[in-house]
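Data block below; observations after.
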Amino acid sequence: MNKGFIFDLDGVIVDTAKYHYIAWKKLADEMAIDFTEEHNEQLKGVSRLRSLDILLGIGGVKKSESEKQLLAKRKNDWYLTLIEQLTSKDILPGAERFIKEASQKSIKIALGSASKNALFILNKLGIDSLFDARIDGTHVSKAKPDPEVFLKAAESLGLPNENCLVFEDAQAGIEAAQNANMKCIGIGNNQVLKGAQLVVSGLDQITVSQAMEVLNSNILK
Ligand code: G6P
Ligand code: MG
């Protein structure tokens, strides 16, 4: 089939947001920045360095570029320690079944994640082999909402952009899909996520046939 599904990772396939939060919070505490879980919502789908900029902005703290590199590395080292324990049990409900079913229906499967740790995480979860293409933070220079990550994923699958359906939990990711001229299913709360063709609370709440109806519908929001 000449259709593809492109999946974001964090928040769609695995709940890593809590670990990102713990690691950013530790860094924030060290700099006496009052960083809350609400603030953490702003970091979803956003690259590591951009996340650090947002965190520093919240605290009104200025750092040089070289200091920022060191701070981002410290955060990532803590984050890696936290996600070292990930196993297939951490896959979000329905995600593995949904991807396998799509694959069985000959839909091509790609990863489109901003994370530079994406391959490490896929391996920990034991689902790396389910993907025909894997585009992550190491392949892109522009962060979501720039469409680069999804355009590269479609290209890797050898498919036109409009034949691909994106699954995203972050507002920045939904906007990236729109900017790539791709339809999108939001994963999360429909009061929060705007611009997706459909929003469901998780991949356990949708069938592959329903997703294909979204992809094949002519209404592009
Ligand atoms: C995902 C997460 C973001 C994270 C980004 C970069 O998009 O939703 O919260 O900042 O990846 O992750 P990394 O693993 O490269 O620090
Ligand atoms: Mg995400």
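Values in this document were obtained by computation on a predicted structure and should not be read as measured data. Counting starts at 1 for both ligands and their atoms, in listed order. Numbers here simply count residues along the sequence, with the first being 1.
- Within Asp8, the N/O/S atom positioned nearest the Mg ion (ligand 2) carries the name OD2.
- Between the Mg ion (ligand 2) and Glu168 there is no N/O/S contact shorter than 2.8 Å.
- Contact annotation for Lys116 and ligand 1: heavy atoms of both the backbone and the side chain come within less than 4.0 Å of the ligand.
- The NE2 atom of His20 sits 5.5 Å away from the OG atom of Ser115 when rounded to the nearest 0.5 Å.
- Using a 4.5 Å cut-off on side-chain heavy atoms (C-beta onward), Ser88 and Ile127 make no contact.
- The closest heavy-atom contact to atom 1 (C) of ligand 1, among the options Leu43, Asp10, Ile83, comes from Asp10.
- Distances between N or O atoms of Asp8 and those of ligand 1 include no value under 3.5 Å.
- Residue, atom and distance of the protein heavy atom nearest to atom 16 (O) of ligand 1 are Arg48 NE, 2.8 Å.
- For atom 5 (C) of ligand 1, the nearest non-hydrogen atom from the set Asn40, Ile121, Val46, Leu9 comes from Val46.
- Glu168 and Lys144 are joined by a salt bridge, as a carboxylate oxygen and a charged side-chain nitrogen come within less than 4.0 angstrom of each other.
- For Phe167 and Phe7, the ring centers are positioned less than 6.0 Å apart.
- How far CG of Leu130 is from NZ of Lys100: 6.0 Å, rounded to the nearest 0.5 Å.
- Glu65 and Lys68 are joined by a salt bridge, as a carboxylate oxygen and a charged side-chain nitrogen come within less than 4.0 angstrom of each other.
- The closest side-chain heavy-atom distance from Leu151 to Asn179 is not below 4.5 Å.
- Remark: distances from the non-hydrogen atoms of Gly45 to ligand 1 include one below 4.0 Å.
- A salt bridge is absent between Lys124 and Asp90; no separation between the charged side-chain nitrogens and carboxylate oxygens falls under 4.0 Å.
- Of the candidates Ser115, Ala118, Gly137, Ser115 brings a heavy atom nearest to atom 12 (O) of ligand 1.
- Close to ligand 1: Ser51, with a non-hydrogen atom less than 4.0 angstrom away.
- Vertex the Mg ion (ligand 2); arms to Asp169 OD1 and Asp10 O; angle rounded to 10 degrees, 90°.
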